[in-house]
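Have a look at the structure below, then the notes.
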There are 2 protein chains.
Amino acid sequence: MSLKHGLLGLLNYGSMTGYELDKAFKASLSFFWQAKTSQVYRELDAMERRGWLTSERIMQTEKPNKRVYTITDSGKEELACWLSLPEADIADAMRVKSAFLIRVFFAGETNIEQSLDMLRAYRDKCLESRKSLRAAHTASEEYGAVVGDKRKAAFWELSILYGEAFYDASLDWAEKAITILEDRGL
Amino acid sequence: MSLKHGLLGLLNYGSMTGYELDKAFKASLSFFWQAKTSQVYRELDAMERRGWLTSERIMQTEKPNKRVYTITDSGKEELACWLSLPEADIADAMRVKSAFLIRVFFAGETNIEQSLDMLRAYRDKCLESRKSLRAAHTASEEYGAVVGDKRKAAFWELSILYGEAFYDASLDWAEKAITILEDRGL
DNA sequence: CCAGCCATGTAACCGGTTACATGATTGT
DNA sequence: ACAATCATGTAACCGGTTACATGGCTGG
């Protein structure tokens with residue numbers, strides 16, 4: 001149930017509308033978790049029913065009406081509880097799912113050009129993602145300095161560092177894989 | 001739809017029962033994709049309805065009756081088609097989902113000991129997974145030599161190499177993160 | 001005697017995806 | 001003129017998880 005807890009974490013920084021939350025989620029957590037706008041609204045509803053949030057409808061004339069969500073004490077408790085789940089649950093949280101690697105596993109069924117194309121496309125995507133993370137990194141450093149909370153900033157940095165390490169490793173692998181296939185003529 | 005295609009790929013090596021497929025899936029593809037036994041049976045049903053498979057019930061007296069699945073030409077076509085999807089879909093296949101990283105992102109809300117415990121537990125799990133992949137690697141090398149298909153064996157190796165690179169990078173990151181937090185006293 | 005393997009599934013539920021609907025304001 | 005931004009959702013569907021049901025044979 002990570003989407004709910006991701007949203008709780010963001011709302012813990014301050015009250016927001018569903019629209020703003022959706023954008024905040026996509027701007028910060030989308031590297032580790034993806035959610036469609038329609039799902040965000042549905043989850044907010046469910047969270048309010050559980051008493052983790054309250055919402056207030058605000059009428060506007062110039063713009064569409066909006067609904068501002070605020071985390072409750074019960075929601076803060078739930079967040080704290082989720083953040084301190086024991087180590088046992090970490091194995092679950094670590095799990096990798098990659099359709100790409102299933103394709104690699106079965107790529108022996110395709111021809112040489114096809115498998116090399118696939119790997120080259122993967123390498124290019126990794127390069128692209130790596131570049132956009134570099135931008136995110138500098139943006140986060142500046143933001144961290146503004147906010148002034150060194151502890152929070154340190155963890156934001158760490159999560160970005162993870163992403164960089166991940167893409168660097170993926171890139172190295174892709175380049176090595178391409179070289180191996182080219183050299184062996186497979 | 002990776003589970004369906006993973007199962008197709010395995011059935012393409014030879015006909016099997018649902019039970020055997022489930023075990024084969026868990027033995028080979030479970031690093032990149034996880035599926036419960038009950039889901040495997042459900043997917044096999046759906047795949048048969050689509051005409052990708054046929055099944056034959058085999059009565060046994062000493063053991064429970066079984067049902068052997070065989071890939072059809074239409075299923076082989078579908079597999080080939082999936083394996084040659086264009087680069088556009090690779091971005092989708094690359095996507096990372098990690099509840100653990102959401103926890104890291106919000107770990108600034110918890111205390112020092114809690115966040116260090118979390119990172120140490122993560123590091124330990126990585127070490128464990130890394131060790132079991134080393135075993136899988138040697139097993140795959142031996143199996144590859146027996147099968148004799150160098151091309152297939154090369155891709156099995158590559159997918160395991162990916163896993164090793166992934167866990168090595170995760171481990172390095174975790175150790176670095178622990179050092180940073182300890183040094184800065186955060 | 002009990003654990004574990006063999007072998008099949010069903011039912012309910014939850015979470016994620018796709019497609020659709022509305023409609024005013026602001027900037028190029 | 002056209003796209004983007006603001007702002008809300010609904011409905012149907014698909015994929016993954018949890019819990020449950022059955023039952024004989026084999027090895028420690």
Side-chain angles (χ1 to χ4, degrees), chain A residues 1-8 15-27 29-30 32-50 52-53 55-69 82 89 91-93 95-99 102, chain B residues 1-8 15-27 29-30 32-50 52-53 55-69 82 89 91-93 95-99 102:
Chain A
M1 263 202 298
S2 294
L3 177 54
K4 284 187 178 67
H5 295 95
L7 294 172
L8 272 182
S15 298
M16 273 182 268
T17 67
Y19 187 77
E20 287 165 334
L21 257 171
D22 182 56
K23 277 194 306 174
F25 193 91
K26 286 183 166 71
L29 297 169
S30 63
F32 332 115
W33 205 270
Q34 303 82 42
K36 309 284 169 183
T37 306
S38 61
Q39 200 194 350
V40 169
Y41 283 111
R42 197 177 54 178
E43 293 299 314
L44 285 170
D45 244 39
M47 289 157 78
E48 195 176 6
R49 265 183 269 121
R50 287 193 199 189
W52 296 350
L53 314 173
S55 72
E56 195 194 352
R57 277 176 197 276
I58 292 177
M59 302 299 164
Q60 296 183 128
T61 46
E62 303 274 293
K63 292 175 180 179
N65 299 334
K66 60 187 185 179
R67 193 170 166 186
V68 177
Y69 292 92
W82 186 74
D89 298 85
D92 197 76
R95 208 134 272 167
V96 172
K97 273 205 174 189
S98 166
I102 298 186
Chain B
M1 264 200 299
S2 295
L3 177 54
K4 284 186 177 69
H5 296 95
L7 294 171
L8 272 182
S15 298
M16 272 181 268
T17 67
Y19 187 78
E20 286 166 334
L21 257 171
D22 182 56
K23 277 194 304 174
F25 194 91
K26 286 182 166 72
L29 296 169
S30 62
F32 332 114
W33 205 271
Q34 303 81 44
K36 309 283 167 181
T37 306
S38 61
Q39 200 194 351
V40 169
Y41 283 111
R42 197 177 56 180
E43 293 299 313
L44 286 170
D45 243 40
M47 288 158 77
E48 193 173 10
R49 265 182 270 123
R50 287 194 199 189
W52 296 350
L53 315 173
S55 72
E56 196 195 350
R57 278 176 196 274
I58 293 178
M59 302 299 164
Q60 297 182 128
T61 45
E62 303 275 293
K63 291 175 181 181
N65 299 333
K66 60 186 185 179
R67 194 171 165 186
V68 177
Y69 292 92
W82 185 75
D89 297 86
D92 198 75
R95 207 138 275 162
V96 172
K97 273 204 174 189
S98 167
I102 298 187

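So that the names make sense, note that chain A is the first sequence line, chain B the second, and so on, each numbered from 1.
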Point to revise | Whole angstrom value for the distance that separates P of C:dT8 from CG of B:N65 | key: 9 Å
Check your understanding: Is a side-chain N or O of A:E48 found less than 3.5 angstrom from the main chain of A:L44, in a donor-acceptor match?
Key -> no
Exercise for review: Find the distance B:K23:NZ to C:dT8:P and express it as a whole number of Å.
Suggested key: 11 Å
**Study point:** B:K66 NZ - C:dA7 P separation (whole Å)
**Key:** 5 Å
Study note, to complete from the structure: Separation of C:dC6 atom C1' from B:E20 atom CD, nearest Å, is 10 Å
Point to revise | Pairwise distance CD(A:E56) to NZ(A:K66) - rounded to 0.5 angstrom | key: 10.5 Å
Check your understanding: Does a nitrogen or oxygen in the side chain of A:Y19 sit under 4.0 Å from OP1 or OP2 of D:dC6?
Key -> yes
Review point. Taking the inter-plane angle between the rings of A:W82 and A:H5 on a 0 to 90° scale, is it parallel (under 30°), tilted (30 to 60°) or perpendicular (over 60°)?
Key: parallel
Point to revise | A:L8 side chain reached by A:M47 side chain, heavy atoms, under 4.5 Å | key: yes
Practice item. Let me know the distance between CG of A:D45 and C1' of D:dA11, rounded to the nearest Å. Key: 14 Å
**Study point:** Whether B:K26 side chain and B:K36 backbone form a donor-acceptor pair below 3.5 Å
**Key:** no
Check your understanding: Looking at A:R67, does any N or O in its side chain come under 4.0 Å of the phosphate oxygens OP1/OP2 on D:dG9?
Key -> yes
Check your understanding: Any chance NZ of A:K63 has more than 12 other-residue heavy atoms, nucleotides or ligands included, within less than 6.0 Å?
Key -> no
Practice item. For B:M59 and C:dC6, give me the distance from atom CE to atom C1', rounded to whole Å. Key: 16 Å
Check your understanding: Once you round it to whole Å, what is the distance between C1' of D:dT8 and CD of A:Q60?
Key -> 12 Å
Exercise for review: Between protein and nucleotides 13-25 of chain D, map the contacts as a letter string: B base, S sugar-phosphate only, - none, heavy atoms under 4.0 Å, written 5' to 3'.
Suggested key: --SBBBB---B-S
